[in-house]
Amino acid sequence: MTMPYKLWSFHGGLHLPGHKDISTQQPSGAVFIPRRLVLPLQQHIGEPAEPAVKIGERVLGGQIIAYANGYVSVPLHAPTSGTISDISEQKAPHPSNLKTRCIILETDGKDEWCELEPISNYQKLDPSALRNRIRDAGIVGLGGAGFPSFIKLNPGSRTVVDQLVINAAECEPYISCDDQLMREQPGEILQGIQIMQHALQARLCIIGIEDNKPEAYKALQQAISELNIDTIQLIRIPTIYPTGGEKQLIKVLTGKESPSNGLPLDIGVVCHNVATAASIYAAINLGKPLVSRLVTLTGDGIKNPRNHQVLIGTPIDEWIKHNGGYEPGVNQLIMGGPMMGFNLETDQVPIIKTSNCILALCEPETHPPAVPCIRCGACMDVCPANLLPQQLYWQAFASDFDKIQDYNLFDCIECGCCSYVCPSQIPLVQYYRFAKTEIWAMERDKRKSDQARQRHEFRLERLEKEKQERAERMRKKKAALNANKSASSKDDSKKQAIEAALARVRDKKKQANTEIRNTDNLTADQQKKIDEIEFRRQQNSENPKT
Ligand code: SF4
Ligand code: SF4
């Protein structure tokens, strides 16, 4: 007999219609290879990858086409064989609709692959070597914002990971790719989880799956018993939106509250998605990098709704056409689900690593206009992050970006529950996104101006140093000149002394001559000799020897 697992609950949340059956009626089927792939260099949180290929180069499937650029970055691989035709700015799926740098690969349909290097016994690998392999395979979180998985698999030197939580909740309406993956590849998911446990050195793992996925639950349960795994627990949880939020799921399964502005790791828990686990299995056991993913194509605007294995970089328009196209009257295209997804202006953008669903709707876009807040508090009652959504709205409306942070804006997971229940039809989440974007922009500007100020201060410091060095050189030069001068003045006085001495000698000689010429007391002979000497001297001076 198994003991019932104790579950906790989180504040707020909503019971929403699932609409998941629409896309789970057929198997996911073979991968579709489009004519060309558009591969954005930025498909994850962190620095965009740097191209490793040149235009005109032929590449094989699985080959690295862009290198990781810094620690928070992962490489990008060719999803199939073909030729690089361009590296340029292209429209990418993003709420901003801005262009981003992409590698364009013209596929050749041969699907030739480079040699893969699977690891037969990962248990023998050091956890850090395992994380490096996961990084090199380009794996990012496939259930959320696309954070590089190898970083989340690093517990740090001082942190003990009590539990690895696997998110199989998939709580957002319409999205069913994780459900289908669990039905079709339960063994791969479980083996991927075991690899994660080894990387984290986490003995225990809990998989949280919503109770609206009985087939997936059964498939996982069966695989657990077939593989005889006793360190992974599969737990069914109530279907409440947004149980699939990381902090909400951890609360439900462990009772632990993740700190505001903190990480689950701070409370000894790490959370990953089931699809990430399956891609880690492929990377380690098959040596295959992340080049495709399961994506839900659904909504009343799609002729053939399904889950389909799609190559990263596949243009959405080509993919939808391949699957039968649109129903007439489609007027809204969303990447993600109806609660947390964002509108696509065009279908001529590619599927990227974080694309889990394309939702096409025919419903008329008749959003009633927003009216002033009536302070009913309904938004507060449903907020799963225990925030005060109306206060956040007021501060965002007033553009008071300091005060809004006092209300923990960054704990808002943008689940959309508050907007969903607001009787005034206020698009609350859009206000929060606007405030977050403004704060990030201000922080970016501040960082830039801090860097500019630092550069200016360094320049001033350098100029001052150079000035001091110049002054020191001048001082030394002057000192050297003065030293030379005093040496030469010493020489002058020496010269003067010599000349004075010579003068004195000359005077003495003169005096002696004068004394000699004093003839008063000379004899006649002496006088004669002197006259002769004088005569010869005169002659010598008049006729000098030649
Ligand atoms: S639900 Fe809407 S109307 Fe009610 S308090 Fe919140 S923002 Fe105001
Ligand atoms: S969008 Fe943010 S504020 Fe609104 S309910 Fe969700 S977490 Fe709360």
Side-chain angles (χ1 to χ4, degrees), residues 41-42 46-52 54 66-73 75 87 89 101 128 132 151 156-158 401-402 405 438-546:
L41 293 164
Q42 176 88 71
E47 286 299 307
E50 267 298 306
K54 291 193 177 71
Y67 297 120
N69 184 12
Y71 180 63
V72 189
S73 186
I87 301 173
E89 298 273 320
R101 205 154 164 244
S128 69
N132 290 344
I151 298 176
S157 53
R158 285 162 295 167
F401 300 125
D402 279 334
Q405 292 186 69
E438 288 296 305
I439 292 167
W440 285 327
M442 282 182 336
E443 281 173 0
R444 218 175 24 246
D445 289 349
K446 188 174 174 300
R447 260 200 311 276
K448 270 189 191 163
S449 76
D450 283 352
Q451 280 168 355
R453 186 174 43 75
Q454 259 179 13
R455 272 200 305 274
H456 178 66
E457 282 171 4
F458 281 145
R459 186 172 172 272
L460 289 183
E461 218 171 89
R462 180 174 54 80
L463 289 176
E464 181 59 29
K465 203 174 159 199
E466 282 174 5
K467 196 175 154 191
Q468 281 176 7
E469 282 171 358
R470 252 198 324 272
E472 180 62 15
R473 277 200 303 275
M474 286 295 286
R475 192 191 61 73
K476 279 184 179 163
K477 211 171 174 183
K478 233 177 189 173
L481 276 171
N482 285 341
N484 281 344
K485 223 176 185 178
S486 74
S488 68
S489 74
K490 261 186 198 165
D491 285 352
D492 285 354
S493 57
K494 222 174 181 180
K495 221 172 172 182
Q496 279 170 7
I498 291 167
E499 273 175 9
L502 285 171
R504 278 198 302 278
V505 170
R506 271 197 306 274
D507 285 352
K508 268 188 182 167
K509 249 183 179 175
K510 213 173 175 182
Q511 200 183 346
N513 286 341
T514 319
E515 279 169 9
I516 287 167
R517 280 181 200 140
N518 187 355
T519 56
D520 291 352
N521 302 319
L522 295 178
T523 61
D525 277 355
Q526 282 172 325
Q527 186 59 53
K528 197 179 167 189
K529 268 187 185 168
I530 287 169
D531 288 345
E532 279 172 14
I533 290 166
E534 193 62 32
F535 175 72
R536 273 200 301 277
R537 194 181 279 158
Q538 272 179 16
Q539 269 191 331
N540 282 344
S541 66
E542 281 164 18
N543 302 306
K545 283 177 188 165
T546 56

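Dense packing is recorded around OH of Tyr71, with more than 12 heavy atoms of other residues, nucleotides or ligands lying under 6.0 Å away.
Across Glu47 and Ser73, no two heavy atoms sit closer than the pair O-OG, 2.9 Å. Minimum heavy-atom separation, Ala66 to Leu41: CB-CD2, 3.5 Å.
Atoms CD and CG, on Gln42 and Asn69 in that order, are 10.0 Å from each other to the nearest 0.5 Å. Note that OG of Ser449 and NE2 of His456 are 13.0 Å apart. Values are rounded to the nearest 0.5 Å. Note that the CZ atom of Arg473 and the CD atom of Gln468 stand 12.0 Å from one another [nearest 0.5 Å]. Taken to the nearest 0.5 Å, the CZ atom of Arg462 stands 14.5 Å off from the NZ atom of Lys467. Considering CD of Glu461 and CD of Glu466, their distance stands at 12.0 Å, rounded to 0.5 Å.
Note on Arg475 versus Glu472: salt bridge recorded, some NZ/NE/NH1/NH2 to OD/OE distance being below 4.0 Å. Lys495 and Glu499 are not joined by a salt bridge, as no carboxylate oxygen comes within less than 4.0 angstrom of a charged side-chain nitrogen.
Contact check for Ile439 versus Gln405: side-chain heavy atoms found under the 4.5 Å cut-off. The shortest side-chain heavy-atom distance between Ile87 and Arg101 falls under the 4.5 Å cut-off.
Partner of Asp450 under the salt bridge (charged side-chain N to carboxylate O under 4.0 Å, His left out) criterion, chosen from Arg453, Arg447, Lys448: Arg453.
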